[in-house]
Structures are given as C-alpha cells and as structure tokens.
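The residues of the chain are indexed from 1 along the displayed sequence. Note that the coordinates shown come from a computational prediction; the quantities given were computed from them, not determined experimentally.
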Amino acid sequence: MLIEGSPDTALVYAVFAHHPRADEKLKNVKGIKVDSSEHDADEKGKKSRCFHLMKEDGTTEDISVIKCLAELERKLNAEIGRASCRERV
C-alpha cells in the first residue's frame with residue numbers, strides 16, 4: 001500500500017487523475033495497492049500486476065496506468081495543436 005503523504009503517492013494520484021473516468025474511479029478511495037490483475041494473463045497463465053484502488057466500502061477496483069498516460073498524451077497533443085494554431089494567427 002502506498003504511504004499517505006509521500007511524494008510517490010502524490011505522483012501516482014496525479015497520474016490517476018488523467019484516467020478518462022477519473023472522477024468515478026477515484027471516488028471514495030482510501031488507499032492504493034499493487035496486486036495481480038483479474039483481467040490480464042500471458043500465454044503461460046501468469047497474471048500481470050496492476051494498481052488497485054481500495055474503496056471506503058471495502059471493495060477494490062483496478063485502474064489502468066496505460067489509459068491514464070494515453071489520456072495525458074491526448075491532452076498534451078491537443079494543447080500543442082492549439083498553441084500551433086495561435087502561433088500561425
């Protein structure tokens with residue numbers, strides 16, 4: 001579990017904030033842990049590890065860092081595109 005108040009925890013939450021469904025995913029989160037994924041396994045059946053959001057009601061939900069980073073990249077590219085358009089005007 002990540003330590004509350006640590007710079008690492010702040011970084012992880014900052015990345016999670018870019019998930020396309022961040023508001024929904026991060027609602028009532030009391031902690032974060034790394035565990036095996038229920039969804040992904042390689043050809044040998046080995047499960048990958050991923051972040052899980054631990055909710056106040058005792059449930060957990062996985063969150064994709066890849067989706068978070070893809071959304072961040074999309075936002076940055078859109079901002080770069082807008083900046084390029086302003087420069088041409």
Side-chain angles (χ1 to χ4, degrees):
M1 189 152 127
L2 295 175
I3 300 167
E4 191 65 35
S6 96
D8 295 337
T9 301
L11 174 62
V12 170
Y13 274 109
V15 171
F16 289 169
H18 292 285
H19 190 281
R21 293 177 26 232
D23 290 343
E24 174 188 339
K25 290 264 188 185
L26 298 174
K27 188 175 183 180
N28 299 320
V29 169
K30 71 172 189 173
I32 302 168
K33 68 178 181 175
V34 176
D35 205 349
S36 60
S37 173
E38 299 175 7
H39 306 290
D40 299 323
D42 65 17
E43 60 280 349
K44 295 178 185 173
K46 183 178 178 185
K47 293 185 176 182
S48 64
R49 305 202 25 100
C50 65
F51 285 100
H52 291 263
L53 304 170
M54 300 179 334
K55 304 289 185 132
E56 292 174 355
D57 65 2
T59 61
T60 61
E61 181 177 2
D62 63 350
I63 186 165
S64 169
V65 173
I66 299 298
K67 286 182 182 178
C68 297
L69 296 176
E71 182 65 8
L72 177 58
E73 180 180 37
R74 185 194 68 75
K75 290 174 183 176
L76 290 172
N77 286 337
E79 184 61 33
I80 290 168
R82 283 192 295 275
S84 292
C85 289
R86 285 192 294 263
E87 288 175 6
R88 285 186 239 149
V89 174

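- With a 6.0 Å radius and a threshold of 12 heavy atoms from other residues, nucleotides or ligands, N28 has its CG atom above the threshold.
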Item to check | side chain to side chain contact (heavy atoms under 4.5 Å, CB included) between K25 and D62, worked out | outcome: CA-CA 9 Å; K25 290 264 188 185; D62 63 350; 4.2 Å; yes
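- A17 approaches A22 most closely through the heavy-atom pair O-CB, 3.4 Å.
- Rounding to the nearest 0.5 angstrom, the gap separating the CG atom in L26 from the OH atom in Y13 is 7.5 Å.
- Under a 3.5 Å cut-off, the side chain of H19 and the backbone N or O of L69 do not form any donor-acceptor pair.
- Note that the OG atom of S64 and the CD atom of E71 stand 11.5 Å from one another [nearest 0.5 Å].
- Side-chain atoms of D57 and T59 include a donor-acceptor pair closer than 3.5 Å.
- K67 places no side-chain N or O within 3.5 Å of a backbone atom of R21 that could act as its donor or acceptor partner.
- Judged as a salt bridge (Lys or Arg N to Asp or Glu O under 4.0 Å), not a single pair has a partner in residues 10-19 (not counting sequence neighbours).
- For D35 and K33, the salt-bridge test passes: some basic side-chain N is under 4.0 Å from an acidic carboxylate O.
- Atom NE2 in H18 sits 12.5 Å away from atom CD in E73 (nearest 0.5 Å).
- Crowding of K27 atom NZ: a count of heavy atoms from other residues, nucleotides or ligands under 6.0 Å not exceeding 12.
- The line from NZ of K30 to CD of E56 is 8.0 Å long, rounded to the nearest 0.5 Å.
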Checklist entry - Where do V29 and F16 land on the side chain to side chain contact (heavy atoms under 4.5 Å, CB included) test, with the steps shown first? => result CA-CA 12 Å; V29 169; F16 289 169; over 6 Å; no
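- Hydrophobic clustering keeps L72 apart from V65 (ILVMFWY residues linked when any side-chain heavy atoms are closer than 4.5 Å, directly or through intermediates).
- You'll find the side chain of T60 stays beyond 4.5 Å of the side chain of L53, heavy atoms only.
- In this structure, the side chain of K75 does not engage the main chain of A70 through any donor-acceptor pair within 3.5 Å.
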